[in-house]
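As the structure is a computational prediction, the values presented were derived from the model and not from experiment.
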Amino acid sequence: MPSRSCNNVGLTVRLLVLLLVVTVSSNSSSSFALMNEGSGTTSQYMRKSSASIDLPYTDPLVTAPPGENAPQQVHITQGDLVGKAVTVSWVTVQQFAPKVWYGIKQGDYSRVQEGQTTRYKFYNYPSGFIHRVTLNSLQQYNTKYYYKIGEVSVGEFWFLTQLEIGLDVAYTFGLIGKLSTILG
């Protein structure tokens, strides 16, 4: 085990190198970019100093979905290490029981799973109700599962479970979603 003084020496050397880099960059009259041999240059793009124009709250890209207490910001993540679970998360304006109905046939939700709800406050901003439900009894790999969220779902969603884990199995995971603010 290295001694404590060796660790302090290593930290001191790293801090001196950082100080040297910061000193050189602050004394330089022109900006520079660290580049590997054969690499390109940094972008010439400069952000405008004026404020950007926000989308109005009535724009379809940022409006809440129709329906009372409709789920928003719905997204999924892998729910376990072997691909037999998926966690569904969403946000609502009002609290309700976080339940997901699901099955392998469209419109036929033979299973139901309940989860947890959390909420946070950041200064004066209270978050919406954040729901998470882990569907941990998915029996089949490479299978399309259909699901609906809550008692009053605004529609049917679906996901495809991953291929069975193996040495020659490529693992590709993509996510497409729309994150927006909740208008209460």
Which atom of [X] lies closest to which atom of [Y], heavy atoms considered:
X    : Y    : answer
R119 : P126 : NH2-CB, 4.0 Å
K99  : V133 : N-CG2, 4.3 Å
Q139 : Y145 : N-OH, 3.2 Å

Using a distance-only test with no angle check, is there a side-chain donor-acceptor pair under 3.5 angstrom linking Y109 and E156?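 The answer is yes; a qualifying pair exists.
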Looking only at side-chain N and O atoms, does H131 offer a donor or acceptor that is under 3.5 Å from a partner on S89?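 Per modelled atom types, S89 and H131 side chains form no pair under 3.5 Å.
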Run the side-chain contact (heavy atoms from CB on, under 4.5 Å) test on K121 and S127 for me, step by step, so that the C-alpha distance in whole Å, both residues' side-chain angles and the decisive distance to 0.1 Å come before the verdict. CA-CA 6 Å; K121 185 172 184 171; S127 75; over 6 Å; no
Check whether any side-chain heavy atom of [X] sits under 4.5 Å from a side-chain heavy atom of [Y], and report yes or no.
X    : Y    : result
Y146 : F159 : no
V74  : I149 : yes
Q113 : Y102 : yes

Okay, side chain of [X], backbone of [Y]: is any donor-acceptor separation there less than 3.5 Å?
X    : Y    : result
S110 : G103 : no
T134 : N136 : no
R132 : T118 : no
T161 : Q140 : yes

Which distance, rounded to the nearest 0.5 Å, do you find between the [atom1] of [X] and the [atom2] of [Y]?
X    : Y    : atom1 : atom2 : value
F129 : T92  : CZ    : OG1   : 7.0 Å
W101 : Y147 : CH2   : OH    : 14.0 Å
D168 : L163 : CG    : CG    : 12.0 Å

Is it true that the NZ or CZ of K84 lies under 6.0 Å from the centre of Y141's six-membered ring and within 45 degrees of the ring axis?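 Here K84 passes the 6.0 Å and 45° test against Y141.
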Using the rule given for side-chain contact (heavy atoms from CB on, under 4.5 Å), can you reason through T77 versus V86, listing the C-alpha separation, both sets of side-chain angles and the distance that settles it, and then say yes or no? CA-CA 6 Å; T77 55; V86 167; over 6 Å; no
For L135 and V100: C-alpha separation, side-chain torsions, deciding distance, then whether side-chain contact (heavy atoms from CB on, under 4.5 Å) applies. CA-CA 8 Å; L135 311 177; V100 173; 3.9 Å; yes
Hey, quick one: are V91 and F122 part of the same hydrophobic cluster, counting side-chain heavy atoms closer than 4.5 Å, chains of contacts allowed?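 Same cluster.
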Are I130 and Y125 connected into the same hydrophobic cluster when the rule is that any two of I, L, V, M, F, W, Y join if their side-chain heavy atoms are below 4.5 Å apart?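 Yes, Y125 connects to I130 through the hydrophobic network.
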For side-chain contact (heavy atoms from CB on, under 4.5 Å), just list the numbers for N69 and F96, CA-CA rounded to whole Å, side-chain angles, deciding distance to a tenth of an Å, and then say yes or no. CA-CA 9 Å; N69 208 31; F96 70 93; 3.0 Å; yes
